[in-house]
Visitor: 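Handing you this structure, nothing more for now.
Below, chains carry the letters A, B, ... as their sequence lines are ordered, and counting in each starts from 1.
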There are 2 protein chains.
Amino acid sequence: MSSSTNSCAHEVLEVVPLIMRAMVSEIRRHRGPDLSVPQLRTLAFLNLHEGACLSEVAEHIGLTLPSMSKMVDGLVARTFVLRHPDTNDRRRVTLALTEGGRGALQAARETTQAFLAGRLAALPESQLAAIVKALGVLRPLFDGGHESNDQASR
Amino acid sequence: MSSSTNSCAHEVLEVVPLIMRAMVSEIRRHRGPDLSVPQLRTLAFLNLHEGACLSEVAEHIGLTLPSMSKMVDGLVARTFVLRHPDTNDRRRVTLALTEGGRGALQAARETTQAFLAGRLAALPESQLAAIVKALGVLRPLFDGGHESNDQASR
DNA sequence: TCTAATAATTAGTTTTGCTAACTATACCCT
DNA sequence: AGGGTATAGTTAGCAAAACTAATTATTAGA
(Lines give C-alpha, C1' and ligand atoms only; values in the text may rest on other atoms or scores of the structure.)
Protein backbone atom coordinates (compact mmCIF):
# COMPACT_ATOMS: atom_id res chain seq x y z
CA MET A 1 0.00 0.00 0.00
CA SER A 2 1.59 3.21 -1.21
CA SER A 3 1.65 6.37 0.82
CA SER A 4 -0.32 8.03 -1.97
CA THR A 5 -3.06 5.59 -1.19
CA ASN A 6 -3.08 6.72 2.39
CA SER A 7 -3.03 10.39 1.66
CA CYS A 8 -5.82 9.91 -0.84
CA ALA A 9 -7.81 8.00 1.76
CA HIS A 10 -7.16 10.83 4.18
CA GLU A 11 -8.45 13.38 1.72
CA VAL A 12 -11.58 11.36 1.02
CA LEU A 13 -12.15 10.98 4.74
CA GLU A 14 -12.08 14.73 5.19
CA VAL A 15 -13.76 16.09 2.12
CA VAL A 16 -16.58 13.65 1.44
CA PRO A 17 -18.30 14.21 4.80
CA LEU A 18 -17.96 17.94 4.27
CA ILE A 19 -19.81 17.80 0.97
CA MET A 20 -22.33 15.35 2.29
CA ARG A 21 -23.18 17.55 5.21
CA ALA A 22 -23.75 20.52 2.96
CA MET A 23 -26.02 18.44 0.74
CA VAL A 24 -28.06 17.04 3.59
CA SER A 25 -28.61 20.38 5.20
CA GLU A 26 -29.65 21.78 1.83
CA ILE A 27 -32.17 18.97 1.42
CA ARG A 28 -33.53 19.62 4.86
CA ARG A 29 -33.83 23.31 4.16
CA HIS A 30 -36.03 22.75 1.10
CA ARG A 31 -38.02 19.76 2.08
CA GLY A 32 -41.29 20.62 0.45
CA PRO A 33 -42.98 17.24 0.60
CA ASP A 34 -41.21 16.54 3.88
CA LEU A 35 -39.08 13.57 2.94
CA SER A 36 -36.29 12.36 5.15
CA VAL A 37 -32.98 11.39 3.64
CA PRO A 38 -33.51 7.63 3.99
CA GLN A 39 -36.91 8.04 2.37
CA LEU A 40 -35.35 9.85 -0.54
CA ARG A 41 -32.75 7.13 -0.85
CA THR A 42 -35.55 4.59 -0.98
CA LEU A 43 -37.31 6.47 -3.75
CA ALA A 44 -34.04 6.76 -5.64
CA PHE A 45 -33.43 3.04 -5.35
CA LEU A 46 -36.92 2.24 -6.56
CA ASN A 47 -36.47 4.60 -9.45
CA LEU A 48 -33.47 2.59 -10.59
CA HIS A 49 -34.81 -0.82 -9.66
CA GLU A 50 -38.41 -0.76 -10.68
CA GLY A 51 -40.34 -3.56 -9.06
CA ALA A 52 -37.77 -4.42 -6.40
CA CYS A 53 -39.14 -6.34 -3.47
CA LEU A 54 -39.12 -5.12 0.09
CA SER A 55 -36.14 -7.21 1.18
CA GLU A 56 -33.99 -5.90 -1.63
CA VAL A 57 -34.76 -2.32 -0.74
CA ALA A 58 -34.16 -2.95 2.95
CA GLU A 59 -30.84 -4.60 2.21
CA HIS A 60 -29.69 -1.78 0.00
CA ILE A 61 -30.73 1.03 2.29
CA GLY A 62 -29.35 -0.78 5.32
CA LEU A 63 -32.51 -1.11 7.35
CA THR A 64 -34.11 -4.16 8.85
CA LEU A 65 -37.15 -5.58 7.14
CA PRO A 66 -39.61 -4.35 9.76
CA SER A 67 -38.18 -0.84 9.68
CA MET A 68 -38.34 -0.73 5.92
CA SER A 69 -41.86 -2.10 5.97
CA LYS A 70 -42.90 0.74 8.22
CA MET A 71 -41.10 3.32 6.16
CA VAL A 72 -42.87 2.03 3.07
CA ASP A 73 -46.15 2.34 4.96
CA GLY A 74 -45.46 6.04 5.14
CA LEU A 75 -44.48 6.31 1.49
CA VAL A 76 -47.59 4.42 0.45
CA ALA A 77 -49.75 6.61 2.65
CA ARG A 78 -48.36 9.64 0.87
CA THR A 79 -48.94 7.90 -2.49
CA PHE A 80 -45.29 7.98 -3.47
CA VAL A 81 -45.06 4.21 -3.71
CA LEU A 82 -47.35 1.30 -4.53
CA ARG A 83 -47.23 -2.19 -3.09
CA HIS A 84 -48.05 -5.08 -5.42
CA PRO A 85 -48.06 -8.74 -4.51
CA ASP A 86 -45.58 -10.60 -6.67
CA THR A 87 -47.35 -12.92 -9.08
CA ASN A 88 -44.62 -15.57 -9.06
CA ASP A 89 -43.91 -15.70 -5.38
CA ARG A 90 -46.85 -14.61 -3.34
CA ARG A 91 -44.78 -14.03 -0.24
CA ARG A 92 -43.04 -11.15 -1.92
CA VAL A 93 -44.25 -7.63 -2.22
CA THR A 94 -42.90 -5.61 -5.08
CA LEU A 95 -42.69 -1.87 -4.87
CA ALA A 96 -43.09 0.75 -7.56
CA LEU A 97 -42.91 4.51 -7.64
CA THR A 98 -46.03 6.42 -8.51
CA GLU A 99 -45.84 9.50 -10.66
CA GLY A 100 -45.98 11.56 -7.50
CA GLY A 101 -43.09 9.60 -6.03
CA ARG A 102 -41.03 10.11 -9.13
CA GLY A 103 -41.87 13.79 -9.05
CA ALA A 104 -40.89 14.19 -5.41
CA LEU A 105 -37.60 12.46 -6.08
CA GLN A 106 -36.97 14.57 -9.13
CA ALA A 107 -37.75 17.76 -7.25
CA ALA A 108 -35.41 16.90 -4.41
CA ARG A 109 -32.68 15.97 -6.83
CA GLU A 110 -33.05 19.15 -8.78
CA THR A 111 -32.85 21.44 -5.80
CA THR A 112 -29.82 19.60 -4.49
CA GLN A 113 -28.15 19.58 -7.85
CA ALA A 114 -28.86 23.28 -8.23
CA PHE A 115 -27.31 23.89 -4.85
CA LEU A 116 -24.21 21.96 -5.86
CA ALA A 117 -24.02 23.72 -9.19
CA GLY A 118 -24.13 27.02 -7.34
CA ARG A 119 -21.11 26.04 -5.33
CA LEU A 120 -19.29 24.71 -8.38
CA ALA A 121 -20.07 27.72 -10.54
CA ALA A 122 -16.82 29.42 -9.65
CA LEU A 123 -14.66 26.67 -11.11
CA PRO A 124 -13.14 26.74 -14.57
CA GLU A 125 -13.99 24.03 -17.09
CA SER A 126 -10.69 22.26 -16.63
CA GLN A 127 -11.24 21.73 -12.92
CA LEU A 128 -14.82 20.64 -13.41
CA ALA A 129 -13.65 18.06 -15.89
CA ALA A 130 -10.97 16.86 -13.49
CA ILE A 131 -13.56 16.45 -10.75
CA VAL A 132 -15.91 14.50 -12.97
CA LYS A 133 -13.09 12.25 -13.97
CA ALA A 134 -11.91 11.67 -10.41
CA LEU A 135 -15.42 10.87 -9.21
CA GLY A 136 -15.84 8.55 -12.16
CA VAL A 137 -12.84 6.62 -10.89
CA LEU A 138 -14.16 6.53 -7.33
CA ARG A 139 -17.67 5.51 -8.18
CA PRO A 140 -17.11 1.86 -9.08
CA LEU A 141 -15.01 1.36 -5.94
CA PHE A 142 -17.96 2.19 -3.75
CA ASP A 143 -20.85 1.27 -5.98
CA GLY A 144 -22.43 -1.79 -4.54
CA GLY A 145 -19.28 -2.11 -2.45
CA HIS A 146 -18.85 -5.57 -1.05
CA GLU A 147 -22.56 -6.14 -0.90
CA SER A 148 -21.64 -7.18 2.61
CA ASN A 149 -24.49 -5.21 4.00
CA ASP A 150 -24.67 -6.17 7.59
CA GLN A 151 -28.01 -6.90 9.07
CA ALA A 152 -26.24 -8.94 11.68
CA SER A 153 -23.70 -6.56 13.13
CA ARG A 154 -26.29 -4.13 14.29
CA MET B 1 -23.66 28.41 -15.52
CA SER B 2 -22.01 26.03 -17.94
CA SER B 3 -23.32 22.58 -18.70
CA SER B 4 -20.06 21.20 -17.32
CA THR B 5 -21.08 22.72 -14.05
CA ASN B 6 -24.32 20.81 -14.13
CA SER B 7 -22.81 17.52 -15.10
CA CYS B 8 -20.22 17.94 -12.40
CA ALA B 9 -22.98 18.69 -9.89
CA HIS B 10 -24.75 15.59 -11.10
CA GLU B 11 -21.68 13.46 -10.58
CA VAL B 12 -21.14 14.84 -7.09
CA LEU B 13 -24.78 14.18 -6.28
CA GLU B 14 -24.39 10.56 -7.23
CA VAL B 15 -20.95 9.61 -6.05
CA VAL B 16 -20.56 11.45 -2.77
CA PRO B 17 -23.53 9.73 -1.10
CA LEU B 18 -22.21 6.42 -2.34
CA ILE B 19 -18.87 6.93 -0.66
CA MET B 20 -20.44 8.36 2.45
CA ARG B 21 -22.72 5.39 2.86
CA ALA B 22 -19.79 3.00 2.60
CA MET B 23 -17.89 4.98 5.21
CA VAL B 24 -20.79 5.14 7.62
CA SER B 25 -21.51 1.47 7.42
CA GLU B 26 -17.82 0.76 7.97
CA ILE B 27 -17.80 2.96 11.04
CA ARG B 28 -20.82 1.17 12.37
CA ARG B 29 -19.24 -2.19 11.75
CA HIS B 30 -16.18 -1.38 13.84
CA ARG B 31 -17.58 0.74 16.53
CA GLY B 32 -15.43 -0.46 19.38
CA PRO B 33 -16.13 2.22 21.97
CA ASP B 34 -19.66 2.36 20.61
CA LEU B 35 -19.70 5.87 19.23
CA SER B 36 -22.44 6.95 16.88
CA VAL B 37 -21.60 8.95 13.80
CA PRO B 38 -22.94 12.23 15.19
CA GLN B 39 -20.92 11.64 18.33
CA LEU B 40 -17.81 11.14 16.26
CA ARG B 41 -18.55 14.29 14.34
CA THR B 42 -18.87 16.10 17.63
CA LEU B 43 -15.51 14.84 18.80
CA ALA B 44 -13.99 15.84 15.47
CA PHE B 45 -15.40 19.32 15.76
CA LEU B 46 -14.09 19.72 19.30
CA ASN B 47 -10.73 18.50 18.17
CA LEU B 48 -10.54 21.35 15.69
CA HIS B 49 -12.29 23.94 17.82
CA GLU B 50 -10.92 23.45 21.27
CA GLY B 51 -13.09 25.16 23.86
CA ALA B 52 -16.13 25.69 21.68
CA CYS B 53 -19.33 26.27 23.58
CA LEU B 54 -22.35 24.03 23.40
CA SER B 55 -24.31 26.27 21.02
CA GLU B 56 -21.48 26.39 18.53
CA VAL B 57 -21.19 22.64 18.46
CA ALA B 58 -24.94 22.19 18.14
CA GLU B 59 -25.06 24.65 15.28
CA HIS B 60 -22.25 22.97 13.45
CA ILE B 61 -23.50 19.43 13.86
CA GLY B 62 -27.04 20.48 13.03
CA LEU B 63 -28.75 19.47 16.25
CA THR B 64 -30.91 21.49 18.58
CA LEU B 65 -29.40 22.68 21.82
CA PRO B 66 -31.27 20.18 24.01
CA SER B 67 -30.28 17.27 21.80
CA MET B 68 -26.67 18.32 21.83
CA SER B 69 -26.76 18.83 25.57
CA LYS B 70 -27.93 15.28 26.03
CA MET B 71 -25.41 13.92 23.59
CA VAL B 72 -22.67 15.71 25.50
CA ASP B 73 -24.01 14.15 28.70
CA GLY B 74 -23.16 10.81 27.18
CA LEU B 75 -19.74 11.89 26.01
CA VAL B 76 -18.96 13.33 29.44
CA ALA B 77 -20.17 10.15 31.12
CA ARG B 78 -17.73 8.20 29.01
CA THR B 79 -15.01 10.71 29.83
CA PHE B 80 -14.43 11.70 26.23
CA VAL B 81 -15.34 15.32 26.86
CA LEU B 82 -15.15 17.80 29.71
CA ARG B 83 -17.56 20.62 30.47
CA HIS B 84 -16.14 23.85 31.83
CA PRO B 85 -18.11 26.94 32.73
CA ASP B 86 -16.89 29.89 30.68
CA THR B 87 -15.11 32.39 32.88
CA ASN B 88 -16.24 35.43 30.88
CA ASP B 89 -19.85 34.52 30.34
CA ARG B 90 -21.12 32.25 33.02
CA ARG B 91 -24.10 31.17 30.98
CA ARG B 92 -21.84 29.43 28.56
CA VAL B 93 -20.35 25.99 28.90
CA THR B 94 -17.18 25.31 26.98
CA LEU B 95 -16.29 21.82 25.90
CA ALA B 96 -12.94 20.14 25.57
CA LEU B 97 -11.77 16.71 24.53
CA THR B 98 -10.03 14.55 27.08
CA GLU B 99 -7.13 12.37 26.09
CA GLY B 100 -9.54 9.48 25.91
CA GLY B 101 -11.79 11.43 23.59
CA ARG B 102 -8.94 12.30 21.33
CA GLY B 103 -7.89 8.68 21.31
CA ALA B 104 -11.35 7.41 20.45
CA LEU B 105 -11.57 9.89 17.61
CA GLN B 106 -8.18 8.94 16.34
CA ALA B 107 -9.00 5.23 16.48
CA ALA B 108 -12.22 5.69 14.54
CA ARG B 109 -10.46 7.80 11.98
CA GLU B 110 -7.74 5.26 11.51
CA THR B 111 -10.07 2.35 10.93
CA THR B 112 -12.12 4.36 8.47
CA GLN B 113 -9.06 5.56 6.68
CA ALA B 114 -7.77 2.02 6.48
CA PHE B 115 -11.06 0.93 5.00
CA LEU B 116 -10.85 3.66 2.39
CA ALA B 117 -7.25 2.85 1.64
CA GLY B 118 -8.29 -0.74 1.05
CA ARG B 119 -10.75 0.34 -1.57
CA LEU B 120 -8.28 2.73 -3.15
CA ALA B 121 -5.44 0.24 -3.20
CA ALA B 122 -6.24 -0.87 -6.71
CA LEU B 123 -5.67 2.54 -8.23
CA PRO B 124 -2.43 3.65 -9.88
CA GLU B 125 -0.52 6.63 -8.53
CA SER B 126 -1.68 8.90 -11.28
CA GLN B 127 -5.33 8.40 -10.48
CA LEU B 128 -4.75 8.76 -6.76
CA ALA B 129 -3.03 12.05 -7.41
CA ALA B 130 -5.89 13.21 -9.60
CA ILE B 131 -8.40 12.38 -6.87
CA VAL B 132 -6.43 14.22 -4.23
CA LYS B 133 -6.24 17.22 -6.48
CA ALA B 134 -9.95 17.17 -7.33
CA LEU B 135 -10.95 16.87 -3.68
CA GLY B 136 -8.57 19.67 -2.85
CA VAL B 137 -10.51 21.85 -5.25
CA LEU B 138 -13.86 20.81 -3.79
CA ARG B 139 -12.90 21.19 -0.17
CA PRO B 140 -12.90 24.98 0.10
CA LEU B 141 -16.25 25.17 -1.67
CA PHE B 142 -17.93 23.21 1.10
CA ASP B 143 -15.69 23.97 4.02
CA GLY B 144 -17.63 26.16 6.35
CA GLY B 145 -20.03 26.65 3.49
CA HIS B 146 -22.29 29.62 3.95
CA GLU B 147 -22.48 29.11 7.69
CA SER B 148 -26.19 29.39 7.09
CA ASN B 149 -26.94 26.51 9.36
CA ASP B 150 -30.61 26.36 10.09
CA GLN B 151 -31.97 25.69 13.48
CA ALA B 152 -35.20 27.37 12.42
CA SER B 153 -36.22 25.36 9.38
CA ARG B 154 -36.55 22.18 11.30
C1' DT C 1 -32.98 48.92 37.77
C1' DC C 2 -36.07 46.46 35.27
C1' DT C 3 -36.95 44.19 30.99
C1' DA C 4 -35.55 41.55 27.18
C1' DA C 5 -32.31 38.39 25.23
C1' DT C 6 -29.15 34.44 25.46
C1' DA C 7 -27.10 29.75 27.05
C1' DA C 8 -28.03 25.69 28.86
C1' DT C 9 -30.82 22.28 31.01
C1' DT C 10 -35.06 19.57 32.16
C1' DA C 11 -39.50 17.46 30.94
C1' DG C 12 -42.35 15.29 27.87
C1' DT C 13 -43.47 13.82 23.25
C1' DT C 14 -42.58 12.06 18.57
C1' DT C 15 -39.91 9.62 15.42
C1' DT C 16 -37.37 5.93 14.05
C1' DG C 17 -35.16 1.76 14.19
C1' DC C 18 -34.55 -2.53 16.62
C1' DT C 19 -35.77 -7.57 18.24
C1' DA C 20 -39.17 -11.00 18.84
C1' DA C 21 -43.11 -13.21 17.62
C1' DC C 22 -46.58 -14.38 14.04
C1' DT C 23 -48.66 -15.45 9.32
C1' DA C 24 -48.39 -16.96 4.84
C1' DT C 25 -46.09 -18.97 1.15
C1' DA C 26 -42.49 -21.64 -1.10
C1' DC C 27 -38.90 -25.19 -1.12
C1' DC C 28 -37.13 -29.75 -0.18
C1' DC C 29 -36.65 -34.43 0.70
C1' DT C 30 -37.95 -38.99 1.77
C1' DA D 1 -47.97 -36.28 -1.64
C1' DG D 2 -46.92 -34.69 3.10
C1' DG D 3 -44.35 -32.60 6.67
C1' DG D 4 -40.52 -29.96 8.13
C1' DT D 5 -37.65 -26.01 7.19
C1' DA D 6 -36.70 -21.65 5.15
C1' DT D 7 -38.09 -17.17 3.38
C1' DA D 8 -40.95 -12.67 2.94
C1' DG D 9 -43.53 -9.64 5.15
C1' DT D 10 -46.19 -7.68 8.94
C1' DT D 11 -47.38 -6.72 13.79
C1' DA D 12 -46.21 -5.68 18.50
C1' DG D 13 -43.49 -3.86 21.87
C1' DC D 14 -39.45 -1.50 23.25
C1' DA D 15 -35.17 1.55 23.24
C1' DA D 16 -32.59 5.36 21.40
C1' DA D 17 -32.47 9.87 19.60
C1' DA D 18 -34.12 14.17 18.36
C1' DC D 19 -37.73 17.61 18.71
C1' DT D 20 -40.68 21.45 21.17
C1' DA D 21 -41.94 23.74 25.27
C1' DA D 22 -40.92 25.27 29.63
C1' DT D 23 -37.37 26.50 33.33
C1' DT D 24 -33.17 28.49 35.30
C1' DA D 25 -29.26 31.37 35.28
C1' DT D 26 -26.82 35.06 33.47
C1' DT D 27 -25.91 39.01 30.58
C1' DA D 28 -27.10 43.16 27.90
C1' DG D 29 -29.75 47.28 27.11
C1' DA D 30 -33.31 50.90 27.63
Side-chain angles (χ1 to χ4, degrees), chain A residues 21 24-25 27-29 31 33-43 46 49 51-78 81-96 149-154, chain B residues 21 24-25 27-29 31 33-43 46 49 51-78 81-96 149-154:
Chain A
R21 196 163 60 77
V24 166
S25 80
I27 288 172
R28 286 215 260 255
R29 194 169 298 131
R31 57 177 186 188
D34 204 27
L35 284 164
S36 73
V37 173
Q39 283 171 331
L40 276 175
R41 289 216 340 240
T42 301
L43 296 185
L46 288 177
H49 304 84
C53 75
L54 192 68
S55 308
E56 290 161 350
V57 183
E59 163 104 8
H60 186 267
I61 301 296
L63 288 182
T64 60
L65 217 40
S67 301
M68 184 51 74
S69 181
K70 221 168 50 171
M71 179 197 279
V72 168
D73 285 348
L75 294 173
V76 168
R78 276 184 282 176
V81 166
L82 291 176
R83 278 190 172 100
H84 301 100
D86 185 326
T87 44
N88 293 22
D89 183 341
R90 279 157 50 202
R91 291 170 302 181
R92 286 171 179 251
V93 169
T94 66
L95 302 173
N149 230 337
D150 51 326
Q151 208 79 334
S153 79
R154 199 168 306 130
Chain B
R21 197 160 58 77
V24 166
S25 79
I27 289 171
R28 286 214 259 256
R29 194 168 300 130
R31 57 181 186 186
D34 204 28
L35 283 165
S36 73
V37 172
Q39 283 172 331
L40 276 175
R41 289 216 338 237
T42 301
L43 295 185
L46 289 177
H49 303 85
C53 75
L54 192 69
S55 308
E56 290 162 349
V57 183
E59 163 105 9
H60 186 267
I61 301 295
L63 286 182
T64 61
L65 218 39
S67 301
M68 184 51 73
S69 182
K70 220 167 52 171
M71 180 198 279
V72 168
D73 285 348
L75 293 173
V76 168
R78 276 182 282 176
V81 166
L82 291 176
R83 277 189 173 102
H84 301 101
D86 185 327
T87 44
N88 293 22
D89 183 341
R90 278 156 50 203
R91 291 170 302 182
R92 286 173 178 250
V93 169
T94 66
L95 303 173
N149 228 335
D150 53 327
Q151 206 79 338
S153 79
R154 198 168 311 127

Visitor: Can you see if the side chain of B:Ser69 gets near the phosphate of C:dA8 - specifically, an N or O under 4.0 Å from OP1 or OP2?
Guide: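 False: B:Ser69 side-chain N/O out of range (4.0 Å or more) of C:dA8 OP1/OP2.
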Visitor: Take atom CG of A:Leu35 and atom P of C:dT15, then tell me their distance rounded to the nearest Å.
Guide: 15 Å
Visitor: To the nearest Å, give me how far apart CZ (B:Arg90) and C1' (C:dA5) are.
Guide: 18 Å
Visitor: Identify, between B:Asp89 and A:Pro38, the residue whose nearest nucleotide on DNA chain C lies closer to the 5' end.
Guide: B:Asp89
Visitor: Provide, to the nearest angstrom, the distance between the NE2 atom belonging to B:His84 and the C1' atom belonging to C:dA7.
Guide: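 From B:His84 NE2 to C:dA7 C1': 18 Å.
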Visitor: Does C:dG17 have OP1 or OP2 under 4.0 Å away from a side-chain N or O of A:Thr64?
Guide: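 Checking A:Thr64 against C:dG17: no side-chain N or O falls below 4.0 Å of OP1 or OP2.
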Visitor: When you match A:Val93 and A:Lys70 each to their closest nucleotide on DNA chain D, which lands nearer the 5' end?
Guide: A:Val93
Visitor: On a heavy-atom basis, which atom in B:Val57 and which in B:Thr42 lie closest, and how many Å separate them?
Guide: CG1-CG2, 3.8 Å
Visitor: For B:Arg90 and B:Thr87, which heavy atoms make the closest approach, and how far apart are they?
Guide: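 Closest heavy-atom pair between B:Arg90 and B:Thr87: CG-O, 4.5 Å.
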Visitor: Considering only side-chain heavy atoms of A:Pro66, which listed nucleotide, D:dA18, C:dA7, D:dT10, is closest?
Guide: D:dT10
Visitor: Heavy atoms, side chains only, cut-off 4.5 Å: are B:Arg83 and B:Asp73 in contact?
Guide: yes
Visitor: For B:Leu95 and C:dA7, give me the distance from atom CG to atom P, rounded to whole Å.
Guide: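 After rounding, the gap between these two atoms is 14 Å.
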Visitor: Please state how far atom CG in B:Leu54 lies from atom P in C:dT10, giving the value in whole angstrom units.
Guide: 12 Å
Visitor: May I ask you to verify if any side-chain N or O of B:Arg83 is less than 4.0 angstrom from the OP1 or OP2 atom of C:dT9?
Guide: yes
Visitor: Look at the side chain of A:Arg91 and the base of D:dT7, then say whether one donor and one acceptor between them are separated by less than 3.5 Å.
Guide: yes
Visitor: Rounding to a whole Å, what distance do you find between A:Asp86:CG and C:dA26:P?
Guide: 9 Å
Visitor: Atom CG of B:Leu65 and atom P of D:dT23: how far apart are they, to the nearest Å?
Guide: 17 Å
Visitor: Considering heavy-atom distances to DNA chain C, does A:Met71 or B:Glu56 have its closest nucleotide positioned more toward the 5' end?
Guide: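 Closer to the 5' end of DNA chain C: B:Glu56.
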Visitor: What I'd like to find out is whether the side chain of A:Leu35 reaches to under 4.5 Å of the side chain of A:Leu75, using heavy atoms alone.
Guide: yes
Visitor: Of all the heavy-atom pairs spanning B:Ala58 and B:Met68, show the shortest one and how long it is.
Guide: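 What the structure gives for the nearest pair is CB-CB, 3.7 Å.
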Visitor: Send over the distance from B:Asn88 CG to C:dA7 P, rounded to a whole Å.
Guide: 14 Å
